[in-house]
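Encoded as structure tokens, the structure appears first; notes follow it.
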Number of protein chains: 2
Amino acid sequence: MNSDASRRRDVTVADVARAAQVSKAQAARALGNYGAVSDDVRERVLAAAEELEYRPNELARSMNTGKSHTIGVVVGDIENPHFGLATRGITDTAKRSGFNVILINTDEDTEAEIDAVRVLLDKRVDGLIVAPASSVETQHLRRVHESGRPLVLLDRKASGLDVDTVAVDMEGISHDSTSYLIGAGHRRIAFVSTLKTDEPYRDGMVLDSSQISDRRDGMKRAFDEAGLNLPDDLIRLNAGDNESIKKITRELLQRPDPATAIIASDGLIGLSVVEAIQELGLRIPDDVSFLMYDDFAWTRLTTPPLTVIAQPVYDMGVAAAAALIRQIEGRKVPAAVPEFTAELIRRGSVAAPRVTGVGN
Amino acid sequence: MNSDASRRRDVTVADVARAAQVSKAQAARALGNYGAVSDDVRERVLAAAEELEYRPNELARSMNTGKSHTIGVVVGDIENPHFGLATRGITDTAKRSGFNVILINTDEDTEAEIDAVRVLLDKRVDGLIVAPASSVETQHLRRVHESGRPLVLLDRKASGLDVDTVAVDMEGISHDSTSYLIGAGHRRIAFVSTLKTDEPYRDGMVLDSSQISDRRDGMKRAFDEAGLNLPDDLIRLNAGDNESIKKITRELLQRPDPATAIIASDGLIGLSVVEAIQELGLRIPDDVSFLMYDDFAWTRLTTPPLTVIAQPVYDMGVAAAAALIRQIEGRKVPAAVPEFTAELIRRGSVAAPRVTGVGN
DNA sequence: TTGAAAGCGCTAACAA
DNA sequence: TTGTTAGCGCTTTCAA
């Protein structure tokens, strides 16, 4: 019939109106189902639309209504299952409420994030969910907020920004898991993170990421409570790719006063740390104990299975989307975002430290 | 200054034009940098824009130009690192060419896929990349193609659809890896896939997915060449969640004439299969050999590390995006999409089958 | 319930 | 190089 070569121009309301012999306005009302339309007209219009294979132009629609029914999501690394799951929670929830999701990846780069936010805003998304790369460089987020566009932060807090934030109580879980290690007899506990800083870690250093900062605080508190000092020399930031993480791990384990336990800041880091440990021919937990953030499925498969800190990532995605949509739809009572807590799942990668010549 | 309460209406070209004392057209030209504009005017306009914090409305822009500079991506499961990586390849490439990406998840459900495609089309994306849930139900994709919108298929072919398709030669790698297992002495080789079918597998069955179909063909050819028969009773489709896969694995290994090797159709399935094997107290590769599609990083960490079929997923994402953008920009010579080949990475999960009472 | 007409914010002819 | 004037496809007054 019409599978001709060109098929260039899209079918518009005007075409449908003409075919249905009604005014453009009536056709539009019937198609967008708003306003008052008689059954007769509606029927004819819908029939004509079907016949012509009419499809509304959502851009035009959005331009008029000011609503795009789309939310923008900015994450650091979709490839990371952590964000994958969170994104899933977001899209599932958005879909259920009739919203679409535009995803942009930033590679944990603040410049890219600023860009992403701008693009999304220019596309007139109805709201934004951002997992900020930095908790400090947040002017761009502040601008979003000030411009009145709904914004929800995921995973990381942003200092001095009064925005709904869906995150886990990191200080608490960090404290608990560190206490657990200390209780097992560990004193030389290392922490490996990819957080980029200008200089190596030192005590009291201000950390760009609320997540990491909170974890440091939690560790410190645990050590304090035990009447011990957090071993600053074992806090390793600026871990990068697989190779760099393995190098750091080797350093941690081959130094004179080596770490007896390592905490990996996320599942991707954990992977490389474990690989390095295996390559060194060391055994977990006999030679070194291991703990990581993110309960990835594969942690059940290693020998021994790994002790991890599970975060309710999917649910957090759901909560973030729900909070955002609530704001977009302008509900009153902003129904406080629920608190999320992580959980230490003890599997087999933590044991008492090997007794060596080095005193405790 | 202007961080007032409302800040409702967005700043438009008209506002900028007024402030810069030029016509709307000139302001628009300067802001969109097209057409001819004198330096003087450009400067004033840009200054005014800056001052007013003008941001273009991309929707309006797209409406006129017919281009949204956005490509739609439809995948089955972002949470799966396989798609995560592919998506990454797509977004990286798109970004480099100035395109944004809208991602929609379908849960491998054809209905959801039809919906997703419709939504994306309605939003007037410039082109689509789809990893089709089914290689058979493809009318919706055919419609896209017929309507003249650029479309590229990822991972799976669609029967009778003449569209650029970025996929791996599955028949070949399936043949090679099956031969490898046969060469190691295996005859009872099982294959586990999540592909949904109405009935259990039987010889010659038409399979909805080109991927699975091709793999079956490759296995069959390998068996044929060895003068053996593909054991149909060990081809298990309809694997679902973790529990269901573990159940299937147990059946495969606890039957009278058990499988001596298992091929998992993807990394998610593989995870559950390995878990089930471990729970049964069996050892890889002594008690059962194992092979899976997808070279996930964690496969290096298990004991033993797993033999896998690596697919150049990231590069395929890149190629898909490149092909699509090429079409969108209407280049001539469609520069054939490169062929991708998977690679068998032999690590430690395949060995000769345990010699049992059962003859070969 | 209907239709004419204005307008969303921008680009694109066309003259000047 | 400029400005005027139409649109893009839709929603939304405002009268009828």
Side-chain angles (χ1 to χ4, degrees), chain A residues 8-46 48-49 52-70 118-119 121-126 147 149, chain B residues 7-46 48-49 52-70 119 121-126 147 149:
Chain A
R8 270 283 81 78
R9 227 177 54 64
D10 288 331
V11 178
T12 73
V13 242
D15 299 321
V16 176
R18 201 172 311 116
Q21 318 233 51
V22 296
S23 73
K24 221 176 63 179
Q26 279 310 84
R29 287 195 256 252
L31 293 168
N33 53 174
Y34 57 89
V37 187
S38 67
D39 291 349
D40 174 48
V41 169
R42 187 188 336 279
E43 258 172 50
R44 269 154 54 208
V45 170
L46 263 29
L52 298 176
E53 294 188 13
Y54 166 81
R55 292 268 73 221
N57 183 326
E58 291 296 342
L59 294 183
R61 215 166 238 186
S62 297
M63 263 202 33
N64 289 283
T65 59
K67 321 252 80 214
S68 63
H69 267 254
T70 300
R118 198 199 318 278
V119 166
L121 252 24
D122 290 354
K123 278 200 183 295
R124 298 303 192 261
V125 294
D126 292 342
S147 80
R149 298 285 181 81
Chain B
R7 216 162 174 0
R8 267 286 78 81
R9 225 176 55 65
D10 287 331
V11 178
T12 74
V13 240
D15 299 321
V16 176
R18 203 172 310 119
Q21 317 233 54
V22 297
S23 73
K24 224 176 62 179
Q26 278 310 84
R29 287 193 258 254
L31 293 169
N33 54 174
Y34 57 89
V37 187
S38 67
D39 290 349
D40 173 48
V41 169
R42 190 191 330 282
E43 257 172 47
R44 271 155 51 210
V45 170
L46 262 30
L52 298 176
E53 295 188 11
Y54 166 82
R55 294 269 72 221
N57 183 326
E58 291 296 341
L59 294 183
R61 215 166 239 187
S62 298
M63 264 204 33
N64 291 280
T65 59
K67 322 251 81 216
S68 63
H69 266 257
T70 299
V119 166
L121 252 25
D122 290 353
K123 280 201 183 294
R124 298 303 191 263
V125 294
D126 291 343
S147 81
R149 299 284 181 78

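Here is how names work: the chains are called A, B, and so on, in the same order as the sequence lines, proteins then strands, and each is numbered from 1. Only a predicted model underlies this, so the values are computations on that prediction, with no experimental measurement involved.
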Mind calculating the distance between [atom1] ([X]) and [atom2] ([N]) to the nearest angstrom?
X	N	atom1	atom2	answer
D122(B)	dC10(D)	CG	C1'	13 Å
Q26(B)	dC10(C)	CD	P	16 Å
Q21(A)	dT2(C)	CD	C1'	15 Å
R61(A)	dC8(C)	CZ	C1'	15 Å
M63(B)	dC10(D)	CE	P	8 Å
K123(B)	dC8(D)	NZ	P	22 Å
N33(A)	dC10(D)	CG	P	14 Å
K24(A)	dT12(D)	NZ	P	14 Å

statement: Nearest-nucleotide check on DNA chain D, V22(B) vs R124(B); residue mapping nearer the 5' end is V22(B)
Please determine whether a side-chain nitrogen or oxygen atom of [X] lies at a distance below 4.0 Å from atom OP1 or OP2 of [N].
X	N	result
T12(A)	dG9(D)	no
S38(A)	dT2(C)	yes
Y34(A)	dT11(D)	yes

Under a 4.5 Å cut-off applied to non-hydrogen side-chain atoms, are [X] and [Y] in contact?
X	Y	answer
L121(B)	R149(B)	yes
L31(B)	V45(B)	yes
S62(B)	R124(B)	no

Counting side-chain heavy atoms from CB outward, which of [options] is closest to [X]?
X	options	value
N64(B)	dG3(D), dG9(D), dC8(D)	dC8(D)
A25(A)	dC10(C), dA12(C), dT12(D)	dT12(D)
A28(B)	dG3(C), dT2(C), dT11(C)	dT11(C)
A36(B)	dT2(D), dT1(C), dT11(D)	dT2(D)

Presence of donor-acceptor pair under 3.5 Å, side chain of R29(A) and base of dG3(C): yes
- line: Here the gap from D122(B) atom CG to H69(A) atom NE2, rounded to the nearest 0.5 Å, amounts to 13.5 Å
message: Using 0.5 Å steps for rounding, measure from the OG1 atom of T70(B) to the CG atom of D126(B).
response: 6.5 Å
